[in-house]
Amino acid sequence: MQDREWFKSAVVYQVYPRSFADGDGDGIGDLRGILQHLDHLEALGVDVVWLSPLYRSPQADNGYDISDYQDVDPLFGTLEQLDELIAGLHERGIKLVMDLVVNHTSDEHAWFQESRSSRDSPKRDWYVWRDPRDGGEPNNWGSFFSGSAWQLDEPTGQYYLHLFDRKQPDLNWENPEVREAVHAMMRWWLDRGVDGFRMDVINFISKEQSFADAPAVVGQRHVDASSLFADGPRIHEFLAEMHEAVFAGRDGAFLTVGEMPGVTPEEAVLYTDPARHEVDMVFQFEHVSLDQGPASKWDWIGLDRVALKRSLHRWQVALAERGWNSLYWDNHDQPRAVSRFGDDDPACWADSAKALATILHCMRGTPYVYQGEELGMTNYPFRTADEHRDVEAVNHWKRVIAEGLDQRSALTGMAKVGRDNARTPVQWDASAQAGFTTGAPWLPVNPNRSWLNAAAQVGVEGSVFEHHRALIRLRHEHAVIADGDFTGLLENDPEVWAYVRTLGSKRLLVVANCSRRARALELGDGWTGARLLLCNLADRADVLHDGALTLSGWESRVYLLE
Ligand code: TEU
């Protein structure tokens, strides 16, 4: 019998292959590069690696547009190298989770080629095809990547649905053949030795079949229609069926993570209630949406730390009894954590990266470390539109130009929240290309590589890397972190982030000062005798004598009372 809850004390590390490490000098990260850095992952102490897509793909959305689910793109290497990676990670006690992108395929996938070949194709119904309405798009749904979510296929006279880029047509999950094909592909990967899947926008696969217009928004021709396709009518049925067809009866400790934009805590409990056999945990978006204005994700309105804290605390409470959450500050779709939620001024950068990590890793849920986050990597100093490579930003800029929108605010938005911030090469050392490649990198290396890099941190006491390593060790060692109850403190304080975890007679106190100025705190007598487990400053007393303490700017501490 496997321990079904092993993932509660686990930490996941996300690798975005294109930007991790380049083993062949073409400027694009690859499997050989990943294989060269397994010791880094082992040193950090992570339990699982989630690999962003490296399947065959025309790379319209950096691999989230897949043309063959059962092969590696030559850009990244070979299936044999992937086998080598699985073996290399397993030898180190690390699991490998693949990205499962099955809301859509690439338009170059054989399934879509067949589907678009004629209206009578046996695979026509594998995708979502609709007749024109009044000579135009079938409804007013907008794509996440600007413009309409529909693309006309001239030879057959119908439109196909693409919630993302036009090169990412949505599969029709109503068709049981589609579901069976996906299940078979998943089983093939498990047979190959992978340990589970991170499921891309998986709460979008069951669409409202009326395909009615979404509520109109003044001034917008194409609108956000997520209420008509997120958490749709058959989503729980599809996930339970997938679990049954792929995982049931299989021996092993697998991980399933549902990436679910817009998911509410109430829905998340249903998705992750172990008794329902859907997914192990959700990846929710509430806390990474708070600095977005009403117009779009590009409408950056700045951070409200109290709102951020309340949001994360609300999720802690909502999933206290049933369900499980992923804990993350950033990933390949988000700006860098320390630039967005911390303070990337070189004077505070390290302490704020450590404080953020402390806050995240001691919560209830499974923490995710996105490549470079363990080093405190920052946003890139983007200034012009042509520095961006990401399809989302590129399409947005085209729209800004075409519609005559304000260019200055668009550039600010792109610099603040553009996805390429997370996609610049991992900074391994101080050399010109940061040890990422011997060639010309596909996205420039952040100039701060001269002082912000792995070589300057791994094994160096007090570094951001070593702080992450210590936090991961704490989760492994202390059941109160993996499984304790959560109580938020000082919830209206815009600077100090504090909470308590409790398991039996053990109590864990986490305090972090999210500001540059020192802050005095009075926690009461209840904490006398608490032992300091972790701090980002070296000279702090080992034991708390009373509940009074003063935190320096961006200082964080973890205490245990047993
Ligand atoms: O992202 C889902 C998603 O809705 C957003 O994060 C999206 O990328 C965008 O930032 C919205 O403004 C997943 C993948 O993580 C992302 O890389 C893909 O582009 C997307 O799905 C399509 O597969």
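Numbering of ligands and ligand atoms starts at 1, following listing order. Index from 1, following the sequence. Because the structure is predicted, anything quoted here is derived from the model rather than measured.
Between E174 and R179, no side-chain nitrogen of the basic residue sits less than 4.0 Å from a carboxylate oxygen of the acidic one, so the salt-bridge criterion is not met. Between D107 and R166, none of the side-chain N atoms (NZ, or NE/NH1/NH2) sits under 4.0 Å from a carboxylate O, so this pair counts as no salt bridge. At a threshold of 4.0 Å, the pair D333-R419 counts as salt-bridged, since one of the basic side-chain nitrogens sits closer than that to a carboxylate oxygen.
The residue Q292 has no part lying near ligand 1, judged by heavy-atom distances below 4.0 Å. At a heavy-atom distance under 4.0 Å, only side-chain atoms of F145, from C-beta outward, approach ligand 1.
Under the side chain to side chain donor-acceptor pair (under 3.5 Å) rule, D99 has a single partner from Y16, Y64, Y55, which is Y64.
Heavy atoms of H104 come nearer than 4.0 angstrom to ligand 1 in at least one pair. Within the structure, the closest approach of H396 to ligand 1 does not fall below 4.0 Å when heavy atoms are considered.
Considering backbone and side-chain atoms alike, Q334 places every N or O at 3.5 Å or more from each N or O of ligand 1.
In this structure, the ring of W188 has its center no less than 6.0 angstrom from the ring center of Y69. The distance between the ring centers of H277 and F247 does not fall below 6.0 angstrom.
When all heavy atoms are compared, the tightest approach of L44 to I472 is O-CD1, 3.5 Å.
Numbered from 1 in the order shown, with element, the atoms of ligand 1 that lie under 4.0 Å from a heavy atom of E259 read 1 (O), 2 (C), 13 (C), 15 (O). For ligand 1, the atoms lying closer than 4.0 Å to a non-hydrogen atom of H332 are 14 (C), 15 (O), 16 (C), 17 (O).
Nearest protein heavy-atom contact of atom 20 (C) of ligand 1 is F164 CE2, 3.7 Å. The shortest contact between atom 4 (O) of ligand 1 and any protein heavy atom is with P261 CG, 3.5 Å. Considering only non-hydrogen protein atoms, atom 19 (O) of ligand 1 sits nearest to D61 OD2, 2.5 Å.
Of the listed residues (D333, V288, D200), the one carrying the non-hydrogen atom nearest atom 5 (C) of ligand 1 is D333. Ranked by closest heavy atom to atom 12 (O) of ligand 1, the top entry among E392, R419, Q168, M260 is E392.
Ring planes of H287 and F341: parallel class, angle under 30° (limits at 30 and 60°).
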